[in-house]
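First up is the structure itself, then whatever we jot down about it.
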Amino acid sequence: MAPRAPFDPEPLRMESSNPMDLSAATPPLAQRTSEGVARILRDAILAGQLKPGQPLRERLLAEELGISRTPIREALFILQGEGLVDLIPNRGATVRAVTARDIAQIYALRAVIEAHAARMAAESHTERDLEQMEEAYARLRRLGARATAADQAHADLHFHSCISVATGSDLLQTISRQVLAVTASYRSHYAYRAEQIKAANQQHRAILDALRDRDGDLAAKLVGEHISWSSHVALEHFGSS
């Protein structure tokens with residue numbers, strides 16, 4: 001079985017100023033599949049290159065990426081399932097705009113799923129899982145207040161993904177990836193202040209220590225508290241934007 005890989009939503013660095021110019025991300029021939037196209041579009045959405053409400057026209061995307069419209073259409077269905085794209089009959093696809101209600105719901109869902117994942121991970125993690133979580137935590141610590149919102153979001157969500165990987169459950173990882181993708185689409189647009197970075201790092205450290213000690217109840221409790229705090233920060237930003 002192939003090694004399990006944590007979800008890492010770090011976007012492609014695209015330099016074009018044209019909001020629909022994805023040519024710099026054109027996939028190699030072997031990767032021109034629906035999954036490959038979904039990755040390109042997902043990255044562009046998370047990086048803010050494709051804006052909320054922006055139309056995603058199959059013909060234009062096919063021309064930009066140099067592929068047929070079939071994998072484009074299939075990729076849009078994938079992203080609809082992740083909550084990143086709206087598909088409206090007779091109107092086509094658009095990048096989904098996030099609402100305050102969406103934020104509250106997604107964080108409430110994360111609290112349930114990730115608390116369960118933390119309890120499972122505490123019981124089943126391997127030394128390699130711990131190494132990946134420590135590496136993810138170190139990545140968070142290296143980021144300062146000058147880091148971009150996207151960099152902060154990617155490092156944070158990568159840490160949380162490592163916990164789901166440590167459960168050993170493919171189903172739980174799949175569900176977590178979908179939920180984290182929706183979180184990233186909004187979290188990538190605001191940066192934590194210095195005091196918020198410090199608080200988040202302390203919370204992550206406590207979660208990691210509980211997992212290392214195989215204390216599932218404590219890990220689940222700490223994850224729930226951390227996500228509740230994160231939800232408050234997200235809604236605070238949404239209300240002020």
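Hydrogens, waters and symmetry mates play no part in the numbers below; they use all other heavy atoms, side chains included.
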Donor-acceptor pair, side chain of [X] and main chain of [Y], under 3.5 angstrom:
| X | Y | result |
| --- | --- | --- |
| S228 | G224 | no |
| T183 | V179 | yes |
| Q196 | R193 | yes |
| H154 | A150 | yes |
| D129 | T126 | yes |
| S161 | L157 | no |

Report task. List the steps, then state whether side chain to side chain contact (heavy atoms under 4.5 Å, CB included) holds for K51 with Q54. Result -> CA-CA 5 Å; K51 308 292 184 183; Q54 182 171 339; 3.9 Å; yes
Report task. Test salt bridge (charged side-chain N to carboxylate O under 4.0 Å, His left out) on K198 and E195 and set out the steps. Result -> CA-CA 5 Å; K198 181 178 180 181; E195 66 272 18; over 6 Å; no
Report task. I would like to know whether R69 and R59 meet side chain to side chain contact (heavy atoms under 4.5 Å, CB included); could you show each step before the answer? Result -> CA-CA 7 Å; R69 293 175 64 169; R59 180 180 59 80; 4.2 Å; yes
**Report entry** Set of residues satisfying ring pair (Phe, Tyr, Trp, His ring centres under 6.0 Å) with respect to H125, sequence neighbours excluded
**Finding:** none
Query raised in the report: Can you find a heavy atom in the side chain of Q203 that is under 4.5 Å from one in the side chain of E225?
Result: no
Report task. Verify side chain to side chain contact (heavy atoms under 4.5 Å, CB included) between V85 and I45, making sure each step is shown before the conclusion. Result -> CA-CA 9 Å; V85 165; I45 291 170; 4.1 Å; yes
Using 0.5 Å steps for rounding, measure from the [atom1] atom of [X] to the [atom2] atom of [Y].
| X | Y | atom1 | atom2 | answer |
| --- | --- | --- | --- | --- |
| S68 | E58 | OG | CD | 10.0 Å |
| L76 | S34 | CG | OG | 10.5 Å |
| D86 | L56 | CG | CG | 10.0 Å |
| D156 | N201 | CG | CG | 9.0 Å |
| L130 | E135 | CG | CD | 11.0 Å |
| T167 | L172 | OG1 | CG | 4.5 Å |

Hydrophobic clusters here meaning ILVMFWY residues chained together by side-chain heavy-atom distances under 4.5 Å, can you tell me if [X] and [Y] are in one?
| X | Y | result |
| --- | --- | --- |
| L171 | I163 | yes |
| L41 | I78 | no |
| L218 | I113 | yes |
| V233 | I197 | yes |

Determine the minimum heavy-atom distance between [X] and [Y], stating which atoms define it.
| X | Y | answer |
| --- | --- | --- |
| A220 | A115 | CB-O, 3.4 Å |
| R214 | S124 | NH1-N, 4.0 Å |
| V37 | A75 | CG1-CB, 3.6 Å |
| L211 | A118 | CD2-O, 3.4 Å |
| M133 | L208 | CB-CD1, 3.6 Å |
| A147 | A191 | O-CB, 4.4 Å |

Query raised in the report: In terms of the angle between their ring planes, are Y192 and W229 parallel, tilted or perpendicular, with boundaries placed at 30° and 60°?
Result: perpendicular
**Report entry** F238 and Y186 aromatic ring geometry - parallel, tilted or perpendicular at 30°/60° bounds
**Finding:** tilted
Side-chain donor-acceptor pairs of residues 105-112 under 3.5 Å, sequence neighbours excluded:
| residue | atom | partner | partner atom | Å |
| --- | --- | --- | --- | --- |
| R110 | NE | E114 | OE2 | 2.5 |
| R110 | NH2 | E114 | OE2 | 3.1 |

Requested in this report: Pick out which of Q202, K221, H160 makes a side chain to side chain donor-acceptor pair (under 3.5 Å) with H226.
Outcome: H160
Query raised in the report: Looking at Y190, does the NZ or CZ of R187 lie under 6.0 angstrom from its six-membered ring centre and within 45 degrees of the ring axis?
Result: yes
Query raised in the report: Is it true that atom CD of E127 has more than 12 heavy atoms of other residues, nucleotides or ligands lying nearer than 6.0 Å?
Result: no
Requested in this report: May I ask you to check whether over 12 heavy atoms, not counting those of R141, lie within 6.0 Å of atom CZ?
Outcome: no
Could you go through residues 92-104 and list every donor-acceptor pair under 3.5 Å that involves a side-chain atom there, pairing it with any protein atom two or more places apart or in another chain?
| residue | atom | partner | partner atom | Å |
| --- | --- | --- | --- | --- |
| R96 | NH1 | D102 | OD2 | 3.1 |
| R96 | NH2 | D102 | OD1 | 3.3 |
| T99 | OG1 | R101 | N | 3.4 |
| T99 | OG1 | D102 | N | 3.1 |
| T99 | OG1 | D102 | OD2 | 3.1 |
| D102 | OD2 | T99 | N | 3.0 |

**Report entry** Sub-6.0 Å ring centroid separation between H204 and F159
**Finding:** yes
Query raised in the report: Is the shortest distance from a Lys or Arg side-chain nitrogen in R42 or E82 to a carboxylate oxygen in the other one below 4.0 Å?
Result: yes
